[in-house]
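Residues take their numbers from the sequence shown, with the count starting at 1. From a predicted model like this one, the values you see are computed outputs, not experimental measurements.
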Amino acid sequence: MNNYINENALVLFSGGQDSTTCLFWAKEQFKNVTALCFSYGQRHSQEVENARRIAKKADVPFEVMDATIISHLSPNSLTDNKIEMDQEHPADSFPNTFVPGRNMLFVTFAASLAFSRDIRHIVTGVSEADYSGYPDCRDTFMHSLNTTINLAMDKHFLIHTPLMWRNKAKVWELADELGVFDLVRNETLTCYNGIIADGCGKCPACKLRKKGLDEYLGVRK
Ligand code: ZN
């Protein structure tokens, strides 16, 4: 029995593989789901429009929140075209896609909006498997942030992280179980070069996505 089927949720949604899988997961768990997309000067402006298209197919309300401040916090290759994106994870530091505290800020912004809508469930696709090196994706941190947000807003939020322990192959498996394997494969945008579906095939995001897909297709019944 699902405990929350009569409650509403806000899903952090970018239109990528992970958050799209989370969106459809949330649709099964909650009564009403809203997709929240952050606009923060992404290299590829079509990311927001692609997310909007997917939300429409999912039949959920779609909202865009301006988070341009993110692009001013530290030089990073997610928002600055002049910085060439790291293709490998540097051994002794973060990849230059790293914006310190980005996930912390996004979840905090989402909670503030959720508060105003009287929504207590927040869903985010962060994962500690296939660990990106972003410390604010870790399970320990999400629990800590959940506590902090509850204290900050005097509210009992629940942050849900359905992908936390799933590697990319397991994320494909979940999409398949939810009946959206083809949609996720053909319509989501994960590629750092802004190409939907299977992407450019060369950037770190495409390589990780393909590795998981090959692994999953190898065991798919
Ligand atoms: Zn790519």
Side-chain angles (χ1 to χ4, degrees), residues 9-23 26 33-56 58 60-87 89 93-117 119 121-127 132-138 141-142 144-146 148-149 152-153 155 157 159 161 163 187-196 199-200 203-206:
L10 187 63
V11 179
L12 280 76
F13 181 63
S14 68
Q17 177 190 355
D18 295 343
S19 66
T20 300
T21 305
C22 283
L23 187 67
V33 170
T34 299
L36 174 64
C37 182
F38 292 102
S39 168
Y40 57 97
Q42 292 94 324
R43 280 178 172 224
H44 303 289
S45 53
Q46 77 263 34
E47 183 177 316
V48 174
E49 290 318 305
N50 196 58
R52 186 191 306 277
R53 216 164 21 237
I54 295 171
K56 193 167 182 207
V60 300
F62 178 79
E63 297 195 25
V64 180
M65 185 187 284
D66 179 19
T68 318
I69 183 76
I70 294 288
S71 63
H72 303 301
L73 295 176
S74 74
N76 70 87
S77 61
L78 283 183
T79 57
D80 189 341
N81 284 321
K82 293 191 287 295
I83 301 175
E84 191 177 341
M85 194 170 283
D86 281 336
Q87 296 301 307
H89 194 312
S93 64
F94 295 114
N96 62 13
T97 49
F98 180 62
V99 179
R102 183 173 63 132
N103 289 308
M104 176 180 75
L105 293 169
F106 281 173
V107 174
T108 305
F109 294 157
S112 187
L113 182 70
F115 184 100
S116 70
R117 306 280 172 84
I119 297 172
H121 298 280
I122 296 166
V123 181
T124 171
V126 294
S127 172
S132 59
Y134 299 171
D136 57 352
C137 286
R138 288 180 293 191
F141 172 69
M142 280 297 155
S144 164
L145 181 62
N146 202 152
T148 296
I149 287 173
M153 303 186 196
K155 182 112 174 162
F157 287 108
I159 300 176
T161 56
L163 309 185
E187 306 202 23
T188 60
L189 171 58
T190 307
C191 174
Y192 285 146
N193 289 311
I195 302 168
I196 63 164
C200 74
C203 74
C206 281

Can you name the side chain to side chain contact (heavy atoms under 4.5 Å, CB included) partners of [X], sequence neighbours left out?
{"X": "T68", "answer": "D66, S71, H72"}
{"X": "K155", "answer": "F115, D118, M153, F157"}
{"X": "R117", "answer": "E63, L113, I119"}
{"X": "T188", "answer": "Q17, T20, I54, V184, T190, R209"}

Of all heavy-atom pairs between [X] and [Y], which one has the smallest distance, and what is that distance?
{"X": "L189", "Y": "G194", "answer": "CD1-C, 3.5 Å"}
{"X": "A67", "Y": "Y40", "answer": "O-CB, 3.2 Å"}
{"X": "C200", "Y": "C191", "answer": "N-SG, 3.5 Å"}
{"X": "A51", "Y": "C37", "answer": "CB-SG, 4.1 Å"}
{"X": "L12", "Y": "S19", "answer": "O-CB, 3.5 Å"}
{"X": "N50", "Y": "E187", "answer": "ND2-O, 2.9 Å"}

Euclidean distance, M104 CE relative to I149 CD1, rounded to 0.5 Å = 9.5 Å
Distance in Å, N103 CG paired with T161 OG1, rounded so as to fall on 0.5 Å steps | 11.5 Å
Distance-only, no hydrogens or angles: does the N193 side chain make a donor-acceptor pair with backbone N or O of G199 under 3.5 Å?
-> no
Between the side chain of D136 and the main-chain N/O of F141, is any donor-acceptor distance below 3.5 Å?
-> no
Do the side chains of R52 and V64 get nearer than 4.5 Å, heavy atoms only?
-> yes
Under the side-chain contact (heavy atoms from CB on, under 4.5 Å) rule, what do F106 and I70 come out as? Steps first, then yes or no, please.
-> CA-CA 9 Å; F106 281 173; I70 294 288; 3.7 Å; yes
Begin from the C-alpha positions of Q46 and I196 and carry the test side-chain contact (heavy atoms from CB on, under 4.5 Å) through to its verdict.
-> CA-CA 10 Å; Q46 77 263 34; I196 63 164; 5.8 Å; no
Just one of L23, T34, V11 clears the side-chain contact (heavy atoms from CB on, under 4.5 Å) bar with V60, so which one?
-> L23
For T124, all residues meeting side chain to side chain donor-acceptor pair (under 3.5 Å), sequence neighbours excluded = none
